[in-house]
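Everything numeric in this text was worked out from a predicted model, so none of it was measured. The chains referred to below are lettered A, B, ... by the order of the sequence lines, with proteins before strands, and numbering in each begins at 1.
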Amino acid sequence: MKSEPSDCSIDDLAKLPGQSVAWYGVRNYQARNFMRDQMKVGDKVFFYHSNCAEPGIAGLAEVGRLAYPDQTQFDPKNKYFDPKATPETPRWFNVDVKLVKKTRLVSLKELRGHLELERMRTLQKGNRLSITPVDPSEWEFIIGLL
DNA sequence: GCCAACGTTGGC
DNA sequence: GCCAACGTTGGC
């Protein structure tokens, strides 16, 4: 799961020990579907810092709550407001996520250096999805780097 | 700030 | 359904 550290960094998450935070604001259908249809409580995720000086994996987190309607879509004052969404027919969903641990920064550059991760979805050219599944083999490999 | 690589929107 | 225009993401 990608987050811009200027928006929510691994340290921000670490300031909320044991607390789940809403992963609101996803406005891409594919990313939404991953959260809504595939993510279960307890699933582990890599917390990735994007759009920053040192992009890369900054920590581990886990799903704390199943997907539910993203509350920001209903609030006209919110930047994520969606006029086409109603509480009866919500369009956007989010899970809650909580910190497992902060790790060393495994940079994008380092990730790209491993042949084992060649096919990793988030490393593919042109990929802009903020949420992507990680293959078990890729997961284990990266855990081994930490 | 630049720009490639998308995804979305809306006219037709 | 097509596709041009536009908006966004995110590395660099």
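In this structure, A:F74 has no ring-ring contact (aromatic ring centres under 6.0 Å, His included) partners at least two apart in sequence or on a different chain. Contacts of A:E140 classified as side-chain hydrogen bond (donor to acceptor under 3.5 Å, both in side chains), with partners at least two apart in sequence or in another chain: none. Residues passing the side-chain contact (heavy atoms from CB on, under 4.5 Å) test with A:V41, sequence neighbours excluded: A:L66. Applying the side-chain hydrogen bond (donor to acceptor under 3.5 Å, both in side chains) criterion to A:R104, with sequence neighbours excluded, gives A:E110. Taking A:Y24 as the reference, nothing meets the ring-ring contact (aromatic ring centres under 6.0 Å, His included) condition, with sequence neighbours excluded. Applying the side-chain contact (heavy atoms from CB on, under 4.5 Å) criterion to A:K125, with sequence neighbours excluded, gives no partner residue. Among residues two or more places apart in sequence or in another chain, the ring-ring contact (aromatic ring centres under 6.0 Å, His included) test is passed with A:F141 by A:H114.
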Name the pairs: protein N/O against N/O of nucleotides 5-7 of chain C, kept only if under 3.5 Å.
| residue | atom | partner | partner atom | Å |
| --- | --- | --- | --- | --- |
| C:dG7 | N2 | A:R128 | NH1 | 3.4 |

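Here A:L105 is tied to no hydrophobic group at all, with no ILVMFWY side chain closer than 4.5 Å.
Applying a 4.0 Å cut-off to non-hydrogen atoms, none of the residues of residues 46-61 of chain A approaches DNA chain B. Residues of residues 107-126 of chain A having a heavy atom closer than 4.0 Å to DNA chain B, listed by number: A:K125, A:G126.
Within the structure, ring-ring contact (aromatic ring centres under 6.0 Å, His included) pairs that include any residue of residues 34-56 of chain A comprise A:W23-A:F47, A:F46-A:W139, A:F47-A:H49 (at least two apart or interchain).
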